[in-house]
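The structure appears below as structure tokens.
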There are 2 protein chains.
Amino acid sequence: MTIEFQHSDRTQDALRASHLYYLQDLTMEAIARELGTSRSSVSRLLSYARETGLVDIQIKSPLDQATVVSDALHRRFNVVAHVVPVPDQTTDVDRLDRVALSAARILTQFVDSNMVIGVAWGSTVSAISRYLVPKATHGSMVVQLNGAANTRTTGIVYASEILRRFGDAFGAQVQQFPVPAFFDDPDTKIALWRERSTKRVLELQESMDVVLFGIGAADALVPSHVYSGGYLERTDHESLLHDGVVGDVATVFFREDGSSSDITLNRRASGPDFATIRRAPRRVCVVAGTSKVAGLRGALAAHLITDLILDESTARALLAGQSDEGPS
Amino acid sequence: MTIEFQHSDRTQDALRASHLYYLQDLTMEAIARELGTSRSSVSRLLSYARETGLVDIQIKSPLDQATVVSDALHRRFNVVAHVVPVPDQTTDVDRLDRVALSAARILTQFVDSNMVIGVAWGSTVSAISRYLVPKATHGSMVVQLNGAANTRTTGIVYASEILRRFGDAFGAQVQQFPVPAFFDDPDTKIALWRERSTKRVLELQESMDVVLFGIGAADALVPSHVYSGGYLERTDHESLLHDGVVGDVATVFFREDGSSSDITLNRRASGPDFATIRRAPRRVCVVAGTSKVAGLRGALAAHLITDLILDESTARALLAGQSDEGPS
DNA sequence: AACCCCCGTGCACATATGTGCACGTGTAGG
DNA sequence: CCTACACGTGCACATATGTGCACGGGGGTT
């Protein structure tokens, strides 16, 4: 008639080990004894617990003494900045990786149950998706921000892989958006936008709680997908140049001052317009590498960003510019 | 004209090191190179960051697969249980210590800015106070639940030391309650309760967001202060026995069924009545050692507890009893 | 039944981390 | 100016942790 206290599950052991290790400061040796197993197994249990998100490690920069840089960003652009320390001479590839790793872990804190999470699928978001720390939530939904198909591929595999990673990590349902990144004919877009299946996605986008995106920039050293993946024609590039575009967010282009009206290509873009993005209370932008500064500046001017995760050099480059935006 | 990015502060280094270590998985060696210091200093920086609460490590038992025990407690008593793994043969002193360590770290998660935090000052809470992890908050207030003076000492030093630790850890103001634990004459209490200085404390207690307390039990192996510290006379003990008391929370006694009416001694107790405690949305009870099970059962019956932190054996002992409380 | 594959385990070794100690620097006081 | 002291640093060593490898026990297949 005794109640059974089996800890059959590997997770149970991991939980217990984590508690003993992180909450009671026992050594792995001691934990091994309590669990009746070998020290190495404990080491593995703990890695498992970390990978699985059973253990969650957060860094809290005391708000009153945040770093000078992040503080300056807050004052200048009215965003919460998470500055990722990366040595200056790091290559842009490594830089992206390190920023993505940090971003993935920071992102976890923003996600919770019953949220609608919009994600783009550029190289930045893709990198992040590889490092996501699982967090169990209920009733959440991951929605794709913009289409992925281009003239060479449907892009589905690539984009859906990214989406799937997000869905897996947060136990969320995934809503794909199976349309081209850019339409050939704006009228097709208009027509498709009237379809009920499309509308469902658009409505989800309207109710996003969190949006995650990078910045597209033509001259990034790690080229953004949109500019290198066969999505745009030569004439498109010329059109962008002509319209004074400095970058894009989820296929929607903008100028350095944040304006995006009368940019021809936007009529064919599949991404959400900026009003939709701004409707989300938390809008997380991740940027690695100074080549995206101009674009970033535009996105800030457009008030697309509430939380900015970026590497240190980029933060400096951003601050080095003179134009003040100030809290609106 | 370059902006200065000094990281003069030790905290800044610690923050950066923590980011690199916990968010980017760099080795301390690598961090030392980036910071231009020795590996040992990095090790020290990281300890500093942990002690200081710059880094916050949480264990999240996925709600859908919480341990069997904590789950059973939830169903049986409608509390969120945090079961601290402790080997069965541990002495009660060690047991208290380990539970207190875990409790201190769990407690951090419950505290936030602008909260009123009520704390008792028994041996359990005292142990917890020694392990608190600092967490910067603003506008918080720590309020003492019950008086501490007795016939031998004013108790002020002891209780205030505990209170101070809480205040320090959370950057909170401290509100002491300089009255006897038990009055000799109930009328003195009534009179004093009308004083404005007393009323201020009582009002604070009415608006507590979090309460932290242990369980007092006469037969605990690590004797509760109230029963051993010269607070009660022989006749008092007899009176308690006569009234069927199984324990107390902050000097207020109750029976196994949770009732506390007509317990003579309560008229002389300085602690808040149970209605006041129940007004707090989060009521954290910490218990180590099976000798307190009877008392704990009473406190549960009185609905004094929303969050229960206890060691494993005690949890089992609690469950081993047959009486069901069930969600109310 | 015999076989094989998958998985979890402990061992032994390679790394990574923690810490006593001695040194050097800066500051307050004599 | 000298002395004393507090504090932070790196070194060297002691511990603690991570990981490749080989072993062995289910469970499914032939």
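Every chain is numbered from 1 and lettered A, B, ... according to where its sequence line falls, protein lines coming before strand lines. Just so we're clear, the structure is a prediction, and the values are computed from it rather than from any experiment.
- Atoms CG (B:L26) and P (D:dG18) sit 16 Å apart, rounded to a whole Å.
- The B:S41 side chain lies nearest to D:dG10 when the options are C:dG10, D:dG10, D:dA16.
- B:E29 places its CD atom 16 Å from the C1' atom of D:dT17, with the value rounded to the nearest Å.
- The phosphate of C:dA16 (OP1 or OP2) has no side-chain N or O of B:Y21 nearer than 4.0 angstrom.
- In this entry the distance linking CG of B:L45 with P of D:dT9 reads 8 Å, nearest Å.
- Counting only distance, with no hydrogens or angles, the side chain of B:K135 and the backbone of B:F170 share no donor-acceptor pair below 3.5 Å.
- Across all strands, A:S47 comes closer than 4.0 Å to no nucleic acid atom at all (heavy-atom distances).
- With hydrogens and angles ignored, a donor-acceptor pair under 3.5 angstrom links the side chain of A:R44 to the base of C:dG10.
- Listed nucleotides C:dG20, D:dA12, C:dG10 differ in distance to B:R39; the shortest reach to its side chain belongs to D:dA12.
- As a whole-Å value, the separation of B:R10 CZ from D:dC7 P is 11 Å.
- Atom pair A:L46:CG and D:dA16:C1' shows a separation of 12 Å (rounding to whole Å applied).
- Checking D:dT17, C:dG18, C:dC11 against the side-chain heavy atoms of B:M28 singles out C:dG18 as nearest.
- Remark: B:S43 is not in phosphate contact with C:dA16, judged by side-chain N or O atoms under 4.0 Å from OP1 or OP2.
- Nucleotide C:dC7 holds its C1' atom 16 Å from the CG atom of A:D13, rounded to whole Å.
- Residues B:Y22 and B:R50 bring a donor and an acceptor atom of their side chains to less than 3.5 Å of each other.
- Considering only the side chain of B:R50, C:dG18 comes nearest among C:dG10, C:dG18, D:dG10.
- Counted by atom type alone, A:R39 and A:T27 present zero donor-acceptor pairs between their side chains at under 3.5 Å.
- If you measure from atom CG of A:D25 to atom P of C:dG18, you get 11 Å, rounded to the nearest angstrom.
- The nearest whole Å value for the distance from the OH atom in B:Y48 to the C1' atom in C:dG18 is 19 Å.
- Geometrically, B:R10 engages B:Y48 in a cation-pi contact, judged by NZ or CZ lying under 6.0 Å from the ring centre and within 45° of the ring axis.
- Contact annotation: B:T27 reaches the phosphate of C:dT17 (side-chain N/O to OP1 or OP2, under 4.0 Å).
- Salt bridge annotation for A:R44-A:D13: absent, with no cationic side-chain nitrogen under 4.0 angstrom from a carboxylate oxygen.
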